[in-house]
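Notes to accompany the following structure.
The structure displayed is predicted, hence computed values, not measured ones. Numbered from 1 within each chain, the chains take letters A, B, ... in sequence-line order.
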Amino acid sequence: MSLNSELSDLFKTFAAIMEIRGESVFKSIAFSKVSRILKDMTIDVRKAVEGGTLDQIEGIGASSRKIIEDFVKTGKSKDFEEVSATVPAGLIPLLEVPGLGPKTISVLWKQRQITSMEELKAALAAGKLEGLPKLGEKKIKSIADGIALLEKSGGRIGLPAALLVGQLMLNHVRSIPGVKRAELAGSLRRGKETIGDIDIICSNKPSTNGADITKAFTEVAGVEKILGQGDTKASILTADGIQVDLRVVPDVNFGAALLYFTGSKEHNVRLRGLSQDKQMTLNEWGLYKIAEYEKASKKTGEAPAAKPVASKTEDDIYEALGLRCIEPELREDRGEIDAARANKLPKLITLADIKADLHTHTTASDGQNSIEEMAEAAKAKGYAFLAITDHSKSQVIANGLSAERLLKHVEAIHKAGEKIKGIKLLAGCEVDILVDGRMDFEDAVLKELDIVVASPHVSLKQDSAKATDRILRAIDNKYVHIIGHPTGRLIGSREGLPLEFDRVFKAAAANGTALEINAGYPRLDLNDVNARAAIQAGCVLSINTDAHSIDGLDWMHLGVAVARRGWAEAGNVINCFSADALTKFLLRKRK
DNA sequence: GCCGTTTTCGGCCCGACTGTTTTCAGTCG
């Protein structure tokens, strides 16, 4: 694990300990923020310490700086060790249980000596939680249910699965009589790579009441359990263990509700702070002048009786706050609010900007469709280019091509290209980057190819220096156009190469080698944060599906979502280049 | 714990819901 990740985890744990100890919530919020800053940081924190730039980062104060400096110097933090000795480590995972928070955990610990999940389960089974303050029969059952839910769903689900379920449920909501507008919200709308639960916001026509809509929502096929259903809100659990929440609001409040439930939480907090500065208050019903809002009567589940400054659309609210409208993918409190104020938001890339897929496979290696079938499918998407890039010889398990087979394949691709009009086929190869950074083919073979994607597939546990040197050598190769899935990570199962990204980005920018955002799930590699840092360093990106079948070409939108979260514009991505510009890009390095 | 063009002290975002309570604490998003 990288130093940044270790320190990020340390601060996350520190924040959790403070919650359980019952310290001021603002302290734990502050450390949670530091944890997030470290996780998002693309330079090695050691360099920030050595360069003395830690002070300049907003959110890192004297206490955090001391902990970071100690940890970088000695591999541990005395402050952290002292505090963590006061709370059993086994209590921290209990914060993940839905319905169980720090206050209750503290009571369980101090009054029933529970210090771990196992002990909590044993105590529940033995009925030992009775008689505690604020813990009635229902609360005890909800803790047991929460543990069961956590163990069943195993936490977060992947973006593609969430999109499928989300779209189905959204269509269902839109078909309910009385629904006027409905949209996906939450982290799904922001395009995050993993999703906790699915949020849907809808507005109702004046003639319909919310309870009819929430009831119809819970009656769709595939609902395993109804978690709750009221006039304005319902929650269900699908058979796959995915939670879907619906909120119903009057149409005039739709924009405020959508903004609120799209989040992120951190983005919302910043917006509300900004509202305060302007003598306004922002909530899920709308943006109000504080003076009027305080006088207005309020009833739970109903909009406050004051005229909002803005509430109908998200654009209205941003505008009233003096901001350009911020796209959902940017709402992470990563500088988007300042950019919106300065009118410096990027014009984000869209799926429609994509004119090429530059990394795909056929039956020649481990794909399922022929050259012609892949070409026709890509043409049907309106692409101008398709690169066929089957595996190189080291990928024995994927039926990788020998030099001889590859050269024959190149001929076959060119021949197919002559037959199929309306799309240009590029004959290429996904060449393995060997453990020391050499290519899996000699230059004499590579120079016969229209396009070379060089990817790491094996030895993905190298140390940082070796891994970085390996990728740098590939970037330097004059025949390599794109570094495919640069880290080799797999979401949820493999960390990938611990690259020194600043060196990688500098070299790629200097050489004109594109870095891939692999759109295949669970790769999505580069990730959002690294894609953004790469652009800032002057790199060009390439978004490709790595499709192994014609269906695989459909996942381009996942890569575009990552790119959007990485603040990418069409001009940063070679797949959006004009035919001329792409051709020039492919030839330039070889001069 | 962090921050500062009113501030180096005193704020720090907001409402819904649930359960355990007779007015509020805890949790969630």
* To do: Answer yes if the side chains of A:Ser35 and A:Ser8 hold a donor-acceptor pair under 3.5 Å, and no otherwise.
  => yes
When we call it a touch if two heavy atoms are under 4.0 Å apart, what does [X] touch: a base, just sugar-phosphate, or nothing?
X: A:Glu137; answer: sugar-phosphate
X: A:Ser28; answer: nothing
X: A:Pro102; answer: sugar-phosphate
X: A:Leu100; answer: sugar-phosphate
X: A:Ile29; answer: nothing
X: A:Gly59; answer: sugar-phosphate
X: A:Val107; answer: nothing
X: A:Phe26; answer: base

Nucleotide [N], atom [atom2] - distance to [atom1] of [X] in whole Å:
X: A:Lys66; N: B:dG1; atom1: NZ; atom2: P; result: 11 Å
X: A:Asn253; N: B:dG15; atom1: CG; atom2: P; result: 13 Å
X: A:Ile17; N: B:dG1; atom1: CD1; atom2: C1'; result: 15 Å
X: A:Glu19; N: B:dC28; atom1: CD; atom2: P; result: 10 Å
X: A:Glu266; N: B:dC28; atom1: CD; atom2: P; result: 16 Å
X: A:Ile105; N: B:dC28; atom1: CD1; atom2: P; result: 9 Å
X: A:Arg65; N: B:dC3; atom1: CZ; atom2: P; result: 11 Å
X: A:Asp277; N: B:dG4; atom1: CG; atom2: P; result: 12 Å

Please state whether the phosphate of [N], meaning OP1 or OP2, lies under 4.0 angstrom from any side-chain nitrogen or oxygen of [X].
X: A:Ser24; N: B:dG1; result: no
X: A:Thr232; N: B:dA16; result: no
X: A:Ser142; N: B:dT18; result: no
X: A:Trp285; N: B:dC14; result: no
X: A:Gln276; N: B:dG11; result: no

When rounded to the nearest Å, what value does the distance between [atom1] atoms of [N] and [M] take?
N: B:dC14; M: B:dC9; atom1: P; result: 26 Å
N: B:dT21; M: B:dG26; atom1: P; result: 12 Å
N: B:dG1; M: B:dT6; atom1: C1'; result: 23 Å
N: B:dT18; M: B:dT23; atom1: C1'; result: 15 Å
N: B:dT22; M: B:dC17; atom1: P; result: 22 Å
N: B:dT20; M: B:dT27; atom1: P; result: 13 Å

Choosing from [options], which nucleotide comes nearest the side chain of [X]?
X: A:Ala30; options: B:dC3, B:dT27, B:dC2; result: B:dC2
X: A:Lys138; options: B:dC2, B:dT20, B:dC3; result: B:dT20
X: A:Lys27; options: B:dC17, B:dG1, B:dG15; result: B:dG1

* Structure fact -> Of A:Thr104 and A:Asp231, the one whose closest nucleotide on DNA chain B sits nearer the 5' end is A:Asp231
* Asked: Given that A:Tyr293 and A:Ser63 both sit by DNA chain B, which one's nearest nucleotide is further toward the 5' end?
  -> A:Ser63
* **Parallel, tilted or perpendicular: rings of A:Tyr288 and A:Tyr293 (30°, 60°)** => tilted
* Asked: Using 4.0 Å as the upper bound for N to carboxylate O, is an ion pair formed by A:Arg565 and A:Glu332?
  -> yes
* To do: Considering only NZ, NE, NH1 and NH2 on the basic side and carboxylate oxygens on the acidic side, decide whether A:Lys78 and A:Asp70 come within less than 4.0 Å.
  => no
* Structure fact -> Partner of A:Leu287 under side chain to side chain contact (heavy atoms under 4.5 Å, CB included), picked from A:Leu321, A:Asp316, A:Leu271, is A:Leu321
* Structure fact -> In A:Ile198, A:Leu558, A:Ile195, the residue satisfying side chain to side chain contact (heavy atoms under 4.5 Å, CB included) with A:Leu163 is A:Leu558
* Structure fact -> If pairing means Watson-Crick or G-U wobble with both distances under 3.5 Å, then the partner of B:dG4 is B:dC9
* Asked: Which residue, A:Arg247, A:Arg174, A:Arg189, forms the salt bridge (charged side-chain N to carboxylate O under 4.0 Å, His left out) with A:Glu183?
  -> A:Arg174
